[in-house]
Amino acid sequence: MNSKGLSNDETSIRFSVKTLSKATHSYKIKPPLIKKSRIGRESWAINFAVGCTHGCRFCYVDAIHKKHPRRGLEGLVKRPWGDYFAIPSNIIEAIVRTPWHRWRNKLVYMSTTHDPYLPQLYRISRIIVERALRAGIKLYIMTRSQLVLRDIDILKRYRENVRVGVSIATSSETLSRIIEPRVPSPSKRLQVLRELKNHGIKTEALLAPILPPNKYRPDVYRDLVKLAEKLSEIGVDKVHGESLHPRGKNMEYLAKALGESISVRGWDYRAEAIFYRVMNEYGLRGEWYAERY
Ligand code: SF4
């Protein structure tokens with residue numbers, strides 16, 4: 001540790017962040033790194049990037065950045081979703097100045113507006129995960145990336161306090177390539193769940209978003225059955241389901257990618273019914289995040 005409380009690794013990351021933020025766009029983040037989350041009452045979130053290079057076509061986050069742009073990034077976030085990305089130039093200082101122990105025993109999501117395991121963020125995320133868990137925070141990591149497996153040593157050490165939710169939208173490799181082309185295939189993400197589970201880490205599958213029937217995956221029930229077969233074999237602790245929600249331009253992006261428009265009218269109810277039917281058939285503990293429209 002040096003006089004600023006940084007380890008050698010953290011100091012080297014500080015310099016690579018400076019290089020990275022010159023190559024992308026940078027902004028300053030105000031500590032603490034943990035902010036109030038809108039996911040649930042009394043919950044918190046760690047979000048430290050603007051944009052997500054995974055650029056999933058259905059993503060809800062673009063609408064948030066376009067509606068509430070961070071100062072200095074107003075021009076940047078006008079670009080299409082997946083084409084903009086910025087990280088705070090002072091991220092390491094923000095980590096050091098966050099009084100992590102203040103959130104001891106509190107549920108903190110990481111992250112709700114970007115994947116924390118983007119290749120550009122992986123080294124920063126490792127530091128954050130370790131600091132949060134060392135402070136006794138109950139950390140819920142959400143990702144579509146395989147890079148989370150690189151932190152398995154830390155996750156195992158603090159397994160009492162950590163849960164990893166892996167998002168999977170469909171079992172169809174074809175549909176996945178179309179709607180989330182930059183993330184690992186569904187089978188690779190199932191493998192991430194399996195490996196985490198094999199190491200005794202609490203895992204949750206986030207089946208999100210479940211799209212209405214379309215030409216690439218007409219039978220939603222069959223799709224969920226294929227996922228449920230694997231999930232019950234892996235022994236995931238819980239499964240969350242969520243239908244597609246229109247946000248900003250995501251329906252436009254999806255229609256372009258799919259080559260057809262899809263309607264979500266009444267879909268939340270229908271998708272929920274299919275979800276619980278499949279969960280019951282496979283003895284999985286399921287919870288549906290409803291949003292009626
Ligand atoms: S990984 Fe998550 S945050 Fe990133 S683009 Fe996909 S849905 Fe959005």
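Note that ligands are numbered from 1 as they come in the structure, with each ligand's atoms numbered from 1 the same way. The first residue in the sequence is number 1, and the count goes up from there.
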Non-hydrogen atom of W81 closer than 4.0 Å to ligand 1:
yes
Just checking, R57 and Y253: is the charged tip under 6.0 Å from the six-membered ring centre and within 45° of the axis?
yes
In terms of ring plane angle, is the pair H114 and F48 parallel, tilted or perpendicular, where the classes change at 30° and 60°?
perpendicular
C52 backbone or side-chain N/O/S under 2.8 Å from atom 6 (Fe) of ligand 1
no
Among non-hydrogen protein atoms, atom 8 (Fe) of ligand 1 lies closest to C59 SG, 2.3 Å
Fit a plane to each ring of H65 and Y84, take the angle between them on a 0 to 90° scale, and name the class: parallel (under 30°), tilted (30 to 60°) or perpendicular (over 60°).
perpendicular
Using the six-membered ring of W44, assess whether NZ or CZ of K36 lies under 6.0 Å from its centre and within 45 degrees of the ring axis.
yes
Quick one: CD1 on I124 to CD1 on I95, what's the gap to the nearest 0.5 Å?
6.5 Å
To check your reading of the model: name the closest protein heavy atom to atom 6 (Fe) of ligand 1, its residue, and the distance in Å.
C56 SG, 2.4 Å
Among all protein heavy atoms in this structure, tell me which lies nearest to atom 2 (Fe) of ligand 1, with the distance rounded to 0.1 Å.
R144 NE, 4.0 Å
Please write down residue, atom name and distance for the protein heavy atom closest to atom 1 (S) of ligand 1.
H54 CD2, 3.5 Å
